Number of protein chains: 2
Amino acid sequence: MQNQLCCQQCHFSQLCLPYSFELKEIEKLDDIIVRKNPYHRRQRLFEAGQPLHSLYAVRSGSFKSFILSEDGQEQITAFHLPGDVIGFDAIHNKTHPSFAEALETSMVCELPYSSLDELGEMFPKLRQQLSRTMSGMLCQNQEALMVLNKYTANERLSHFLASLGHRFGDRGFSPTSFRLSMTRSEIGNYLGLSIETVSRILTQLQKDGKISVEGKLINLLVPTLAD
Amino acid sequence: MQNQLCCQQCHFSQLCLPYSFELKEIEKLDDIIVRKNPYHRRQRLFEAGQPLHSLYAVRSGSFKSFILSEDGQEQITAFHLPGDVIGFDAIHNKTHPSFAEALETSMVCELPYSSLDELGEMFPKLRQQLSRTMSGMLCQNQEALMVLNKYTANERLSHFLASLGHRFGDRGFSPTSFRLSMTRSEIGNYLGLSIETVSRILTQLQKDGKISVEGKLINLLVPTLAD
DNA sequence: CGTGCGGTTGAAGTTTATCAAGGATGGTGG
DNA sequence: CCACCATCCTTGATAAACTTCAACCGCACG
């Protein structure tokens with residue numbers, strides 16, 4: 001295993017599972033992690049219906065999670081950046097209810113769930129971190145509910161961009177200048193808006209001087225968005 | 001402690017934490033549980049900002065969870081029926097991000113989080129059950145996202161009623177005939193609809209012969225709703 | 001060099017919110 | 001026991017936000 005791939009060396013470990021771990025614990029975690037080859041755009045980590053085998057921590061790139069309705073419509077439920085762990089929703093039935101798909105060329109660390117479970121037996125901190133992470137996802141979902149129910153299209157998109165910027169900032173990237181790895185269609189799907197509305201509001205925000213848009217490149221120009 | 005209040009005797013234990021526990025484990029869980037006096041309509045289990053002290057299992061009655069936006073708007077994030085456990089969202093920051101409020105006279109079992117944590121040390125099944133429950137809540141939230149993003153007002157309300165009926169059925173009540181413990185306004189808040197739309201669609205569904213409505217009493221009349 | 005996908009923009013249409021008014025219900029105090 | 005008040009609910013008319021339909025541009029890729 002190459003050194004640069006260890007959790008200790010990983011840029012995002014403080015956002016990921018090893019948060020607040022001792023060295024010995026990190027080494028144990030490193031032992032169970034399977035570093036995978038890169039995933040390319042549209043390649044899937046898993047599909048709905050597959051048995052839970054592993055959770056996946058994003059190392060680089062980005063993913064979307066989505067579920068399908070009975071009539072086959074896609075509903076994107078989250079975008080995942082480096083440090084995020086994907087697949088917690090599968091613990092309930094030991095089966096993935098959702099799909100996870102790469103938005104661009106991306107790397108992941110595979111965390112076999114059975115190993116994680118065993119390791120949790122020994123390390124209370126790992127258990128706590130897993131609980132904390134899942135609880136945090138519940139909080140995010142509550143926020144998302146509010147955004148969809150109470151915000152206008154303009155507010156939803158502004159909030160989405162600000163939130164993305166914030167997440168990039170947490171990861172050591174610029175919080176105000178970034179590239180969208182998802183299409184307009186995927187943003188609209190996630191926010192409950194038509195692709196046309198997303199496009200229109202992006203140009204509107206640009207005309208208002210609040211952002212600059214160049215295709216997938218976004219610049220947040222006002223503090224209300226960059227906070 | 002009265003016998004009728006033990007987990008073994010509780011009608012809803014198979015939906016609640018003791019799911020799949022051994023007798024010995026249930027007894028231990030019983031030891032840490034604090035049975036509280038009834039809560040009355042509008043009384044709160046906890047408020048946003050309060051430190052996490054306990055989780056709460058609903059014994060009877062019902063509760064709503066909600067968060068407040070920056071400008072003080074309420075967003076209901078869940079309705080809780082007997083057997084549901086409330087407060088998982090507080091684990092992340094050891095602080096409640098949400099409020100929990102009784103919709104009617106209700107009983108709860110208080111589960112001090114520190115005791116639950118200690119007990120989890122000894123009983124892997126308890127840990128697994130906690131994980132399973134939180135994971136299940138993530139799945140529900142994903143479903144809710146789809147409902148809000150893809151369904152019309154009519155579909156949202158139909159889905160809401162069917163889902164409630166299903167949940168009542170799981171608890172041994174009639175899945176087709178029940179009393180709403182929440183107001184029209186609370187339903188609208190949860191589903192992202194105005195109170196007028198909720199009212200209109202309820203009468204519409206009644207005219208279509210799909211449900212009967214008598215104030216808070218609902219009857220689901222067609223299999224598409226009662227499934 | 002075409003073809004498909006992603007994106008933008010305009011015009012028309014639909015759904016749902018908002019505004020407004022009135023009716024029903026339930027709890028409280030005289 | 002009844003009158004009163006607040007809250008909840010219903011219904012109609014109007015208005016707004018967003019979707020849908022349609023046309024077009026640009027670019028990447030086979």
Side-chain angles (χ1 to χ4, degrees), chain A residues 40-42 62 64 73-76 79 101-105 146-161 179-208 211-218, chain B residues 40-43 62 64 69 73-76 79 101-105 146-161 179-208 211-218:
Chain A
H40 298 292
R41 174 156 181 84
R42 296 198 190 276
S62 53
K64 66 175 173 182
Q73 281 188 95
E74 176 176 325
Q75 172 61 55
I76 296 173
F79 295 111
E101 196 176 293
L103 295 174
E104 60 193 314
T105 302
M146 164 109 75
V147 169
L148 293 180
N149 271 352
K150 297 269 190 294
Y151 288 16
T152 64
N154 189 311
E155 290 166 338
R156 286 185 217 182
L157 207 47
S158 299
H159 181 272
F160 174 74
L161 293 175
R179 204 192 110 264
L180 298 172
S181 59
M182 67 290 289
T183 66
R184 306 286 194 266
S185 168
E186 286 165 333
I187 295 173
N189 181 296
Y190 177 63
L191 294 177
L193 301 171
S194 71
I195 176 175
E196 294 94 332
T197 300
V198 172
S199 182
R200 270 187 260 269
I201 287 177
L202 282 178
T203 57
Q204 183 62 45
L205 287 172
Q206 181 162 235
K207 277 182 192 162
D208 296 349
I211 66 174
S212 73
V213 187
E214 272 183 63
K216 302 256 188 196
L217 275 78
I218 300 285
Chain B
H40 298 293
R41 176 158 179 82
R42 295 195 190 278
Q43 272 193 298
S62 53
K64 66 175 173 182
S69 64
Q73 281 188 93
E74 177 176 323
Q75 173 61 55
I76 296 173
F79 295 111
E101 195 176 293
L103 295 174
E104 60 194 312
T105 302
M146 164 109 76
V147 169
L148 292 181
N149 271 353
K150 296 268 190 293
Y151 289 17
T152 64
N154 188 313
E155 290 166 338
R156 285 186 218 181
L157 206 47
S158 300
H159 181 273
F160 174 75
L161 293 175
R179 203 191 110 269
L180 299 171
S181 59
M182 66 291 290
T183 66
R184 305 284 194 268
S185 169
E186 285 165 332
I187 295 173
N189 182 296
Y190 177 64
L191 294 176
L193 301 172
S194 71
I195 176 175
E196 294 94 333
T197 300
V198 172
S199 182
R200 269 187 261 270
I201 289 177
L202 283 177
T203 58
Q204 183 62 44
L205 287 172
Q206 181 161 234
K207 276 180 191 162
D208 296 349
I211 66 174
S212 74
V213 186
E214 272 183 63
K216 302 256 186 197
L217 274 77
I218 300 285

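On a predicted model such as this, the values are computed, not experimentally measured, just so you know. Letters A, B, ... mirror the listed sequences (proteins, then strands); counts begin at 1.
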**Asked** B:I201 has an atom CD1; how far is it from atom C1' of C:dT16, in whole Å?
**Response** 9 Å
**Request:** Report yes if some heavy atom in the side chain of A:K216 is under 4.5 Å from a heavy atom in the side chain of A:T183; otherwise report no.
**Result:** yes
**Request:** Classify the nucleic acid contact of B:G192 as base, sugar-phosphate or nothing, counting any heavy atom under 4.0 Å across all strands shown.
**Result:** sugar-phosphate
**Prompt:** Could you go step by step and tell me if B:T203 and B:V213 meet the side chain to side chain contact (heavy atoms under 4.5 Å, CB included) rule?
**Reply:** CA-CA 8 Å; B:T203 58; B:V213 186; over 6 Å; no
**Message:** For a 4.5 angstrom cut-off between non-hydrogen side-chain atoms, does B:R184 reach B:L202?
**Reply:** yes
**Request:** Using whole Å, report how far NZ of B:K150 lies from C1' of C:dT15.
**Result:** 17 Å
**Request:** Look up atom CE in B:M182 and atom CD1 in B:I76, then write down how far apart they are to the nearest 0.5 Å.
**Result:** 8.5 Å
**Message:** Is the shortest side-chain heavy-atom distance between B:K64 and B:N189 below 4.5 Å?
**Reply:** no
**Item:** Separation of atom CD in B:Q206 from atom P in D:dT10, rounded to whole Å
**Value:** 9 Å
**Electrostatic pair B:R179-B:E104, nearest N-O below 4.0 angstrom** = yes
**Prompt:** In B/S/- notation, 5' to 3', how is nucleotides 4-9 of chain C contacted by protein heavy atoms closer than 4.0 Å?
**Reply:** --SSBB
**Prompt:** Given atom CG of A:N154 and atom P of D:dC18, what is their separation to the nearest angstrom?
**Reply:** 8 Å
**Fill in**
Separation of D:dT11 atom C1' from B:Q204 atom CD, nearest Å, is 13 Å
**Fill in**
When rounded to whole Å, the NE2 to P distance for the pair A:H40 and D:dC29 reads 14 Å
**Fill in**
Here the distance between atom P of D:dC18 and atom CG of B:L148, to the nearest Å, is 15 Å
**Atom-to-atom span, CD of B:E104 to P of C:dG27 - whole angstrom** = 14 Å
